[in-house]
Q: 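Before anything else, here's the structure in question.
If you're wondering where the values come from, they're calculated on a predicted model, not measured in any experiment. Every chain is numbered from 1 and lettered A, B, ... according to where its sequence line falls, protein lines coming before strand lines.
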Amino acid sequence: MNNKLLLSAILLTALFVRFVNLSSYPVGFSIDEISIGYNAYSILTTGADEWGEKFPLAFRSLSDYKPPVSVYLTSISMLIFGFNEFAIRFPNAFLGSLTALVFWAFVESLKAFGKKWALAGAAWIAINPWHIYYSRAAFECLVALFFVITGVWLFLRGTAKKSYLSLYLSIACFGVSVWTYHAERVFVPLLVGFLVYQKRKHVLPMFWREPLRLSIGALLILLFAVPFFYLLLFSPAIGTRAADTSLLRDFHLAGSLHNGHYANGLELIFDNDLFLVVRNFMGKYLNYFDIEYLFKNGLALTPKEYPGMGLFYLANLPVLALGAYGLFFSKKKELRNISLALFVLGPLPAALTLDEQHSLRALTWLPFWGLAFVSGIEMFGKLRLNFKKFAVVLYVIFLGINVVYFMDMYFRQFPYFYGEYWMYGFKQAALIGCEEKDRYDTVLITDTFGSEGPLYTGAPYEYVLFYCKIPPREFLANGRTIPGFVHRRPDWVNDSKKNMLLIAAPYDLPLEEITEERKEYINYPNGKTAFVVVRPESNNEN
Amino acid sequence: MLKKYKAYFALFLIVVGSPVLGTLLARIGLASAQWLTADTAIPAKVNLFFSERAIEPVYFLRHAQTDAGGVVFIISKLLYNRILVFISEFLAFMSFFSPRFFFQAGDGTVFSPNTVEPIAFMLLPFWLYGLLLSINKRKWWILAGYVFSTFVAYLFGKREFPFLIFTLLFQFYFIYVGILALIHFKRTRLYLGLAIIYSIFVVGRLFVV
């Protein structure tokens with residue numbers, strides 16, 4: 001009974017930290033979120049995506065071919081909550097909160113820790129900064145992680161209780177996770193292969209002598225695998241994303257590759273491209289084991305020269321270190337092996353991409369650290385120390401300070417420094433454009449932005465589609481254009497002569513020539529100007 | 001295999017698989033000169049904790065988007081203070097233990113060119129196992145020496161191999177322990193065979209690339 005109460009309290013905590021001010025923080029809505037939102041709306045109203053493809057298995061979106069699961073989940077969310085920002089972020093926040101529950105179930109299914117320590121693991125997930133950060137916006141990786149942990153739990157449960165239903169649901173969860181985010185396409189097959197090998201004495205006899213049940217399992221796997229391979233072989237949906245983010249696009253690596261042209265035999269042997277690629281991969285892989293990344297600045301909530309926030313609370317450093325040691329030397333073989341597998345495989349998908357460190361793609365590593373926390377807490381709990389109570393009090397105080405620090409970082413500092421990276425300003429620009437479009441021949445919203453100069457390119461049309469609630473059929477009928485809107489940098493010399501509402505970055509406009517009455521500023525949270533709204537002279541006089 | 005031959009084999013693999021050992025020995029004069037001519041960063045490190053330069057970014061965050069005297073500012077003062085400078089330096093010290101530095105990237109100097117890893121990457125699993133085994137067997141003096149030797153490099157403010165030469169010895173020790181602990185497994189011996197070939201390859205890169 002107490003455990004149920006505690007679990008409910010943990011779930012409520014998880015829900016609270018993820019749902020508080022969900023529509024407002026992170027500030028701004030990223031282009032991916034808006035794209036997911038509009039495609040979800042399009043699916044709900046027309047059964048097709050923004051490109052007109054009926055119930056696609058990959059959403060072309062901004063030619064990045066988003067995996068489908070998050071979009072369909074958002075459609076369901078919009079059915080309940082309506083076509084708004086909350087509905088876009090709801091699936092992540094909800095499933096992120098539920099992840100604490102399924103992680104508890106996963107730890108319990110290992111039968112390696114006491115019940116109270118499994119609860120500690122759930123609590124750890126509930127307030128973990130890395131997990132919270134990705135729960136509060138539409139990041140597919142978080143939804144995928146939920147399905148991965150659920151899949152592992154169901155697999156362990158199925159093999160322990162000889163439950164075919166659990167195993168089938170496990171296959172379904174793993175299959176759904178592969179269709180949710182790209183990292184799982186590498187992580188899940190390896191993890192499943194390991195799990196089946198680890199539990200081969202349980203799993204194989206369950207199916208080997210049961211052809212019907214084996215067929216059902218095989219059909220389930222094919223249900224997820226066949227469309228995947230079809231897309232891989234006959235469409236750009238899978239390959240495009242892989243190519244765009246592959247480590248082969250790493251600037252330093254690309255510059256060092258010979259691409260088949262070697263000066264001599266020695267170069268072919270000692271400096272061949274395969275070795276260079278593997279070496280680059282190992283460098284990226286080992287980058288994830290950097291203490292500063294894990295505990296100081298991994299979440300990149302502030303620039304590097306400022307105090308930052310790591311993936312974990314600093315208070316948990318000794319617990320995680322102790323726990324990791326405990327897992328590697330655990331006398332429970334299954335726990336040790338599963339931990340090792342999660343430890344080794346976790347950063348693998350992220351290391352195959354071009355970024356040096358990417359906390360989004362490395363989210364598959366979180367379950368290992370959750371297990372390490374549970375192990376560390378249990379080990380500490382079993383220690384016979386005179387100062388144990390004092391240590392616990394100190395830990396709780398230090399952890400509390402860490403949590404408040406993270407909240408301050410997330411709600412105050414992060415918007416200040418990185419509001420523009422979340423496309424802050426485009427929403428306001430789109431809303432102004434939508435509201436005033438009938439007064440002008442054209443509304444121009446720039447696609448180029450950046451407080452320090454024209455550094456970034458966005459897709460303002462997505463914001464107009466979303467905030468103006470343009471019906472998808474109308475958008476497609478107009479050849480994927482929005483009548484009355486153009487999305488480019490302004491050409492002041494010509495544009496200023498037209499009856500055109502201009503919304504552009506300040507460096508693209510001769511602000512000194514424009515009277516104050518005609519100008520309206522849209523500022524970033526740090527006070528710098530994001531966009532300037534310039535109304536034409538004749539309209540302003542009216 | 002007799003135990004002493006296993007030990008010889010482990011030492012042989014460490015010597016062959018650690019190009020940084022060869023470069024340090026070949027340039028021992030240069031490495032020593034670096035020690036003799038280097039000023040310790042101790043005064044700078046001590047001053048750092050109390051300098052305005054170090055505390056400026058902290059105070060910037062303290063005052064960001066808040067009015068002096070409000071509740072947020074009071075909490076801000078508790079969160080953003082000199083303790084963050086200490087924490088930052090502590091984590092900077094901890095990053096000296098990064099496996100990437102020893103097994104992939106190196107320090108980029110003549111002792112460890114960017115094209116060659118200081119210690120062959122294939123020895124990393126043995127290093128990790130040896131380190132964990134040392135903790136398991138409570139070899140506290142070894143571990144204390146490992147931490148202290150790294151701390152010395154941190155005090156000099158130099159993340160370069162001449163200053164990490166003693167840390168390297170501990171790294172070799174952990175690799176040695178790891179190899180001896182795992183060598184009786186059949187698969188390990190196969191892996192070790194591949195590690196020898198790879199180590200020779202890495203040394204070859206030192207001269208060819």
Q: Under a 4.5 Å cut-off applied to non-hydrogen side-chain atoms, are A:Leu314 and A:Asn402 in contact?
A: yes

Q: Pick one of side chain, backbone, both or neither for B:Tyr80, based on which atoms fall under 4.5 Å of a heavy atom in chain A.
A: side chain

Q: Between A:Phe328 and chain B, which part of the residue has a heavy atom less than 4.5 Å away: side chain, backbone, both or neither?
A: side chain

Q: Do you know which of B:Asn136, B:Val208, B:Ile75, B:Leu79 has the most heavy-atom pairs under 4.5 Å to chain A?
A: B:Asn136

Q: Under a 4.0 Å threshold between the charged nitrogen and the carboxylate oxygen, would A:Lys528 count as salt-bridged to A:Glu452?
A: yes

Q: Counting only heavy atoms closer than 4.5 Å, note whether B:Phe101 contacts chain A via side chain, backbone, both or neither.
A: neither

Q: If I measure from the heavy atoms of chain B, does A:Phe417 come under 4.5 Å with its side chain, its backbone, both, or neither?
A: side chain

Q: Which residue out of B:Asn114, B:Val202, B:Val85 racks up the most heavy-atom pairs below 4.5 Å with chain A?
A: B:Asn114

Q: At a heavy-atom separation under 4.5 Å, does B:Glu56 approach chain A through its side chain, its backbone, both, or neither?
A: neither

Q: Is there a donor-acceptor pair under 3.5 Å between the side chain of B:Asn81 and the backbone N or O of B:Leu78?
A: yes

Q: For residues 11-23 of chain B, give me every residue with a non-hydrogen atom less than 4.5 Å from any non-hydrogen atom of chain A.
A: none

Q: At a 4.5 Å cut-off on heavy atoms, which part of B:Tyr198 comes close to chain A: side chain, backbone, both, or neither?
A: side chain

Q: Counting only heavy atoms closer than 4.5 Å, note whether A:Leu276 contacts chain B via side chain, backbone, both or neither.
A: side chain

